[in-house]
Number of protein chains: 2
Amino acid sequence: MEDYVEGAKIFKTLGDPKRVMIVDMLSCGELCACMILDKFEMSQSTLSYHMNLLCKCGLVKARNKGKWTYYSQNAEVVKEIEQLLHNITSDTEDCICKGNNIDTCDAI
Amino acid sequence: MEDYVEGAKIFKTLGDPKRVMIVDMLSCGELCACMILDKFEMSQSTLSYHMNLLCKCGLVKARNKGKWTYYSQNAEVVKEIEQLLHNITSDTEDCICKGNNIDTCDAI
DNA sequence: ACATTATATCGAAATTTTTGAATGCGAGGT
DNA sequence: ACCTCGCATTCAAAAATTTCGATATAATGT
């Protein structure tokens, strides 16, 4: 149950095209906020808001160095969300229908 | 660019624990709405709303049979979203940073 | 010390999402 | 014809999200 909540939080954060693009940009490696800001038409405070969401859900890490904040993907969480997406879209052992997490399942 | 928008729509739809659970339930196969409703504490209209969202983003298909509506995962879209998630989280050729979709990328 | 630069935070407005009650509607059963 | 069942749609209210301007903070350069 908690898995679903945590996962949904990450999916929700990815539920915005700009944030998806930001994550994609970070797949090449670390970037500071100003680099990311250059690529978008949004205010600095708005970007900061989006980066905060990405960090809060765990998908992105922030590293401070002097005036700059460098952002990068959190490999562990990336693995976890890929795993969850795979779990919920394939007939695995720990599926809800197998009786886990939910009482019964009178499937057809 | 359109890929990000379409993908974000799917992620956004998965941005709710109940909808994640519903998708998981469907990984075992087709289920009618009433079966799904049994597992949750929500009104029938609310479930209908959620199922509509899942269908609109393409992740779920609906099939009508008599009084019932059977829902199932859309395998193609599932594949697409898994692919997208993988693309944005790994250093692939078509990454934004490689110059695609966005003008330049003066990474560090 | 002062100005500048990079980023975070606050506040407020606009928009979107979520929910259930009420209602509509088509399919079967009697 | 009428009733019931499964589901969709409409409506309105509540809650959450998104955005930017203004302001704060902290580091760095002169």
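Remember, it's a predicted structure, so these values are computed and weren't measured experimentally. The sequence lines fix the lettering, A, B, ..., with proteins before strands; numbering per chain opens at 1. Heavy atoms only: backbone and side chains are in, while hydrogens, waters and symmetry mates are out.
Distance A/D38 CG to C/dA6 C1': 12 Å, rounded to the nearest Å. One interatomic measurement links the two molecules: OH of A/Y70 to C1' of D/dA27, which rounds to 13 Å at whole-angstrom precision. Nucleotide D/dC7 holds its P atom 11 Å from the CG atom of B/L31, rounded to whole Å. Here the P atom of nucleotide D/dA26 and the CG atom of A/N64 are 11 Å apart, to the nearest Å. Rounded to whole Å, the distance from NZ on B/K67 to P on D/dG6 is 6 Å. Atom CE in B/M51 sits about 16 Å away from atom C1' in C/dT18, given to the nearest Å.
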Any chance you could list the contact pattern along nucleotides 9-18 of chain D? Use B for base contacts, S for sugar-phosphate-only contacts and - for none, protein heavy atoms under 4.0 Å, 5' to 3'.
B-------SB
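Looking at A/S48, its side chain never comes within 3.5 Å of a backbone N or O of A/S45 through a donor-acceptor pair. Of the possible donor and acceptor atoms, none in the side chain of B/E76 sits under 3.5 Å from a partner among the backbone N and O of B/G58.
Dashed line: the shortest gap from a side-chain N or O of B/K18 to OP1 or OP2 of C/dT19 is under 4.0 Å. Between A/Y71 and C/dA8, a side-chain N or O to OP1/OP2 separation shorter than 4.0 Å is present.
When the nearest nucleotides of DNA chain C are assigned to B/S43 and A/L47 by heavy-atom distance, the more 5′-ward of the two goes with A/L47. With the nearest nucleotide of DNA chain D identified for both A/K65 and A/E41, A/E41 has the one nearer the 5' end.
Set against D/dC7, D/dG6, C/dT7, the side chain of A/A33 has C/dT7 as its closest nucleotide. Closest to the side chain of B/M42, from the set C/dG20, C/dT7, C/dG28, is C/dG20. Closest to the side chain of B/W68, from the set C/dT7, D/dC7, C/dA27, is D/dC7.
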Decide yes or no on side-chain contact (heavy atoms from CB on, under 4.5 Å) for A/F40 and A/T46, but give the supporting numbers first.
CA-CA 10 Å; A/F40 294 96; A/T46 299; over 6 Å; no
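No option in B/K65, B/R63, B/Q73 other than B/R63 meets the side-chain hydrogen bond (donor to acceptor under 3.5 Å, both in side chains) test with B/E30. Checking each of B/N52, B/V77, B/L26 against B/V60 for a side-chain contact (heavy atoms from CB on, under 4.5 Å) leaves exactly one that passes, namely B/L26.
To the nearest 0.5 Å, the span separating CD1 on B/I10 from CG on B/L53 amounts to 13.0 Å.
Between A/T69 and A/N64 there is a side-chain heavy-atom pair separated by less than 4.5 Å.
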